[in-house]
Amino acid sequence: KVEGKNKHTIFIPAMMEDNRRRLIIANSIVSGLRNNEFQVYYQPKVNADEQIVGFEALLRWSSDELGLVSPDEFIMIAEQSGKINQITEWLLKEVMFNYASILEHFGEDTVIALNLSAHDLKNAKILELITSLYARHMINPKCIEFEVTESTYLENFDMANAFFENIRTLGSSIALDDFGTGYSSLSYLTQIQLNTLKIDKQFVDNLGISKRSTLVTKTVIEMAKQLNLNICAEGVETRQQMDFLVAHGCHQLQGYLFGKPTDLPTLLAVPYKKESK
Ligand code: C2E
Ligand code: CA
Ligand code: CA
Ligand code: CA
């Protein structure tokens, strides 16, 4: 508007194209779930000895109509169009179905993490579904972790904390994802039911860039340690990053250095032997 009338003719078609794509995405999610267009990939989490301690489940969508759609794009659209609950319910069923083969291959103390969105906490059915899936698939609750972001409790702290408490009563754990990138007050961290902080990739990227950004990352890790929480660093891509993180007390690592998100048949095709220390 500021730039005058002429801009409109350039701006509006692009916006319409964008809206059209969003609409197609929103309208193809449910049929995509039904037609097996979605897949769960698993990315390893390792300890300081580079032994696999768990996996994060990450969704992949290869849409018949649009080709590969990134979760960064479709998760947000699913949240805005009220489709996220269906995605999460599908994800829960799929991961619990995969659970036995993952633990058989990687050991019975392997922890599988799933991402939940803020909207999932308002879904009255979700706890019931988790409970019934645990029973049906004989899940050890200790082997399931739920990753949430600060946005899940910013809107309704009491509801979120009640949900987290229920999850912990079931015996599973809660990880706060993308830690350090949100807007939440740090005082929340002492009031919320948490087991793990996931240090966001942005802080890992900053390691070694400058003295100041390294110091910020060090401080974030230090704070997590002071809060007595497990710490997992994400987006670890180099040996130097790993060495720094381990030296500063971060004992769980995730990133391309150890493995990219991979489909389950490929993961299970490679023999895995956990070395005893
Ligand atoms: P996230 O939960 O922060 O997941 C980590 C993202 O970082 C993943 O992207 C992963 O592939 C990527 N990543 C991991 N290690 C590295 C690395 O070393 N280098 C680089 N460059 N990237 C790395 P992805 O799979 O594209 O997922 C993006 C986001 O979409 C996730 O961020 C999460 O917020 C959301 N998402 C993915 N799957 C689900 C899901 O099943 N449910 C929900 N609610 N959200 C999901
Ligand atoms: Ca995550
Ligand atoms: Ca993350
Ligand atoms: Ca993220």
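Both counts, for ligands and for their atoms, begin at 1 and track the order of listing.
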Metal proximity, Glu234 vs the Ca ion (ligand 3), N/O/S cut-off 3.0 Å: yes

Give a yes/no verdict on whether any heavy atom in Gln254 is under 4.0 Å from an atom of ligand 1. no

Flag the pair Phe38 / Phe74 as yes when their ring centroid distance falls below 6.0 Å, and as no otherwise. yes

Between Glu155 and Lys122 (salt bridge meaning N to carboxylate O under 4.0 Å), is one present in this structure? yes

Quick note on ligand 1: atoms under 4.0 Å from a heavy atom of Glu237 include exactly 17 (C), 18 (O), 19 (N), 20 (C), 21 (N)

Just distances here: any N/O of Ser70 and N/O of ligand 1 closer than 3.5 Å? no

Output the list of atoms in ligand 1 that are nearer than 4.0 Å to some heavy atom of Glu56, sorted by atom number. 2 (O), 4 (O)

In Glu56, what N, O or S atom is nearest to the Ca ion (ligand 2), if we give its atom name? OE2

Of all the N, O or S atoms in Glu147, the one nearest to the Ca ion (ligand 2) is OE1

Once rounded to the nearest 0.5 Å, what's the spacing between atom CG of Leu253 and atom CG of Asn47? 8.0 Å

Interatomic distance, CG@Leu245 vs OG1@Thr217, rounded to 0.5 Å, equals 8.0 Å

Residues 244-265 vs side chain to side chain donor-acceptor pair (under 3.5 Å), sequence neighbours excluded, gives Gln43-Gln254, Glu56-Gln254, Lys198-Gln254, Asp263-Thr266

Note: Leu257 and Arg239 closest approach over all heavy atoms is CD2-N, 3.8 Å

What angle sits at the Ca ion (ligand 2) between OD2 of Asp177 and OD1 of Asn115, to 10°? 90°

Tell me, please: is Pro261 in heavy-atom contact with ligand 1, that is, under 4.0 Å? yes

Using distance alone, decide if ligand 1 has a nitrogen or oxygen within less than 3.5 Å of any nitrogen or oxygen in Asp177. yes

Of Glu147, Gln193, Glu145, Arg168, the one forming a side-chain hydrogen bond (donor to acceptor under 3.5 Å, both in side chains) with Ser173 is Glu145

Report the member of Tyr256, Tyr41, Trp61 with the shortest heavy-atom distance to atom 16 (C) of ligand 1. Tyr256

One finds that the ligand 1 atoms under 4.0 Å from a non-hydrogen atom of Leu59 are 38 (N), 40 (C), 41 (O)

Relative to the heavy atoms of Glu234, which atoms of ligand 1 are at a distance of less than 4.0 Å? 3 (O)

Pair Phe146 + Phe164: ring centers closer than 6.0 Å: no

Heavy atoms only: which of Ile75, Asp120, Val204 lies closest to atom 45 (N) of ligand 1? Ile75

Is the shortest distance from a heavy atom of Lys260 to ligand 1 less than 4.0 Å? no

Please list, chain by chain and in numerical order, all residues satisfying salt bridge (Lys or Arg N to Asp or Glu O under 4.0 Å) with Glu104, sequence neighbours excluded. none

